[in-house]
Amino acid sequence: MDCKTKFAAFGLAAAATLGLVGCGDSGVPSGLTGDLDIDGSSTVFPITEAVAEDFRGPNPDMRVTVGVSGTGGGFKRFAAGETDISDASRPIKQKEIDACAENDIEFIEIPVAYDGLSIVVNPANTWAQDLTVDELKLIFLEGSTVQNWSDVRDGWPDTPIKLFIPGTDSGTFDYFKEVVAGKEGSIRSDVTASEDDNVLVNGIAGDEGAIGFFGCAYYFENTDKLRAVTINGVGPTPETIENGSYAPFSRPLFIYVNKASAEEAHVQAFIEFYLDEGPALAQEVGYVQLPAPIQTAIRARWEARTTGTLFLDAAGEKVTGPLTDIYN
């Protein structure tokens with residue numbers, strides 16, 4: 001869909017509120033005004049910021065801000081009506097849906113890329129090449145007596161383990177906790193936690209015994225400082241993330257759009273641009289594009305302004321499985 005066609009879809013009333021709106025040489029809509037507030041996942045941030053950066057150039061009078069308060073923190077602001085878009089590295093939870101409903105906020109759920117939550121160590125760690133999920137439980141779960149790498153597997157050195165993890169408002173933390181700890185377990189407290197993934201990168205890069213986790217883009221960007229551990233023999237690559245063989249740590253990433261905000265022409269233009277250019281930009285910053293049929297299904301739901309989540313059923317139970325099944 002070209003720029004002219006997109007803006008024709010906005011309707012005469014929307015066009016009238018904008019004044020003169022055109023398209024730059026890059027195909028980005030130009031001459032837009034208004035504020036667009038985005039917050040949430042630090043994992044999704046590189047994609048959304050890349051989209052916003054390309055969008056801002058031809059629209060100097062439009063203010064687009066992208067925050068990184070974590071998936072949970074972002075949903076709190078979104079449910080309070082403080083933001084137009086919420087970046088999320090996990091699907092929305094029932095309690096967050098309820099919080100939105102209390103403030104009459106309807107939302108449109110848009111998966112934007114695949115991620116492989118990456119388990120990384122310092123490059124000087126030559127022993128932990130591969131780990132099992134059970135060994136991750138030994139390392140990360142509350143109540144664990146593991147202090148040194150030798151406590152994880154016989155023959156490994158007595159090097160102390162230092163843990164670097166995302167903060168508890170992070171969707172990456174939630175996803176890891178769900179996979180490793182389950183509903184009843186919890187992550188140990190003697191860790192260094194931060195909502196800023198670059199803090200985690202630098203912490204792991206600075207300690208031989210360190211281990212941590214975050215989205216694959218931050219690993220791919222820092223392969224000179226970090227080494228990814230394979231899980232049950234499989235490491236995070238674009239191929240293993242897309243085909244699901246990097247289990248159980250392949251996952252989709254999302255943006256959630258306030259439906260009322262989506263009625264504003266400058267927000268519509270941004271989302272249209274995100275759908276058009278986001279897949280390529282997601283790949284540029286280190287994530288994996290969604291397959292074309294899924295992109296088509298997502299666009300159809302956006303164009304119909306279909307609200308709600310596909311990741312909870314009518315009883316509030318989680319819906320899991322590949323996106324090819326969920327978007328069938």
Check for a donor-acceptor pair, side chain of [X] on one end and backbone N or O of [Y] on the other, with a separation under 3.5 Å.
{"X": "Thr230", "Y": "Gln129", "value": "yes"}
{"X": "Ser42", "Y": "Asp197", "value": "no"}
{"X": "Ser41", "Y": "Val44", "value": "yes"}
{"X": "Glu195", "Y": "Asp169", "value": "yes"}
{"X": "Arg77", "Y": "Gly40", "value": "no"}
{"X": "Ser69", "Y": "Gly74", "value": "yes"}
{"X": "Asn103", "Y": "Ala79", "value": "yes"}
{"X": "Tyr246", "Y": "Asp115", "value": "no"}
{"X": "Tyr287", "Y": "Leu281", "value": "no"}
{"X": "Asn122", "Y": "Ile204", "value": "yes"}

Measuring from atom [atom1] of [X] to atom [atom2] of [Y], what distance do you get when rounded to the nearest 0.5 angstrom?
{"X": "Tyr114", "Y": "Leu323", "atom1": "OH", "atom2": "CG", "result": "4.0 Å"}
{"X": "Thr237", "Y": "Glu242", "atom1": "OG1", "atom2": "CD", "result": "10.0 Å"}
{"X": "His266", "Y": "Leu36", "atom1": "NE2", "atom2": "CG", "result": "6.0 Å"}
{"X": "Asp35", "Y": "Asp84", "atom1": "CG", "atom2": "CG", "result": "8.5 Å"}
{"X": "Asn258", "Y": "Glu264", "atom1": "CG", "atom2": "CD", "result": "9.0 Å"}
{"X": "Arg56", "Y": "Arg63", "atom1": "CZ", "atom2": "CZ", "result": "10.0 Å"}

Residues forming a side chain to side chain contact (heavy atoms under 4.5 Å, CB included) with [X], sequence neighbours excluded:
{"X": "Asp313", "value": "Ala315, Glu317, Val319"}
{"X": "Glu208", "value": "Ala124, Trp127"}
{"X": "Pro60", "value": "none"}
{"X": "Asp151", "value": "Val146, Gln147, Asn148"}

| remark: Residues at least two apart in sequence or cross-chain that pass salt bridge (Lys or Arg N to Asp or Glu O under 4.0 Å) with Lys177, listed by chain then number, are none

| message | List the residues meeting salt bridge (Lys or Arg N to Asp or Glu O under 4.0 Å) with Lys225, not counting sequence neighbours, and say none if there are none. | response | none

Taking all non-hydrogen atoms of both residues into account, name the closest pair between [X] and [Y] and its distance.
{"X": "Val180", "Y": "Lys137", "value": "O-CE, 3.2 Å"}
{"X": "Ser194", "Y": "Val199", "value": "OG-CB, 3.6 Å"}
{"X": "Asn59", "Y": "Leu32", "value": "OD1-N, 2.8 Å"}
{"X": "Ser118", "Y": "Cys216", "value": "OG-CA, 3.4 Å"}
{"X": "Ile47", "Y": "Leu253", "value": "CD1-CD1, 4.1 Å"}
{"X": "Trp149", "Y": "Gly209", "value": "NE1-O, 3.0 Å"}

Taking the side chain as everything from C-beta on, heavy atoms only, tell me whether [X] gets closer than 4.5 Å to [Y].
{"X": "Pro111", "Y": "Ile294", "value": "no"}
{"X": "Ile108", "Y": "Arg305", "value": "yes"}
{"X": "Arg90", "Y": "Phe75", "value": "yes"}
{"X": "Arg299", "Y": "Asp276", "value": "yes"}
{"X": "Ile187", "Y": "Thr168", "value": "no"}
{"X": "Leu131", "Y": "Ile211", "value": "yes"}
{"X": "Ile139", "Y": "Ser144", "value": "no"}
{"X": "Thr43", "Y": "Phe214", "value": "no"}

| Salt bridge Lys93-Asp98, side-chain N to carboxylate O under 4.0 Å | no

| Salt-bridged, Arg251 to Glu178, with N to O below 4.0 Å? | no

Pairwise ring pair (Phe, Tyr, Trp, His ring centres under 6.0 Å) hits with a residue in [range], at least two apart:
{"range": "residues 291-310", "value": "none"}
{"range": "residues 181-202", "value": "none"}
{"range": "residues 30-65", "value": "Phe55-Phe270, Phe55-Phe273"}

| The single option from Val68, Thr65, Asp87 passing side chain to side chain contact (heavy atoms under 4.5 Å, CB included) against Ile38 | Asp87

Looking just at side-chain N and O atoms, do [X] and [Y] make a donor-acceptor pair shorter than 3.5 Å?
{"X": "Thr296", "Y": "Tyr327", "value": "no"}
{"X": "Thr309", "Y": "Glu109", "value": "yes"}
{"X": "Thr132", "Y": "Asp134", "value": "no"}

| message | Applying side chain to side chain contact (heavy atoms under 4.5 Å, CB included) to Ser189 and Glu142, what does each step give before you reach the verdict? | response | CA-CA 7 Å; Ser189 58; Glu142 187 67 51; 4.1 Å; yes

| message | Applying side-chain hydrogen bond (donor to acceptor under 3.5 Å, both in side chains), can you list everything that pairs with Asp158, at least two apart in sequence or on another chain? | response | Ser150

| task | Check the pair Val64, Val51 against side chain to side chain contact (heavy atoms under 4.5 Å, CB included), reporting the backbone distance first and the verdict last. | result | CA-CA 10 Å; Val64 183; Val51 173; over 6 Å; no

| All ring-ring contact (aromatic ring centres under 6.0 Å, His included) counterparts of Phe254, not counting sequence neighbours | Tyr256, Phe311

| field | For Phe213, ring-ring contact (aromatic ring centres under 6.0 Å, His included) partners two or more places apart | value | Phe140, Phe176

| query | Could you go step by step and tell me if Glu277 and Asp54 meet the side chain to side chain contact (heavy atoms under 4.5 Å, CB included) rule? | reply | CA-CA 9 Å; Glu277 304 300 330; Asp54 283 359; 5.8 Å; no

| request: For side chain to side chain contact (heavy atoms under 4.5 Å, CB included), just list the numbers for Leu136 and Ile231, CA-CA rounded to whole Å, side-chain angles, deciding distance to a tenth of an Å, and then say yes or no. | output: CA-CA 9 Å; Leu136 291 177; Ile231 304 300; 4.1 Å; yes

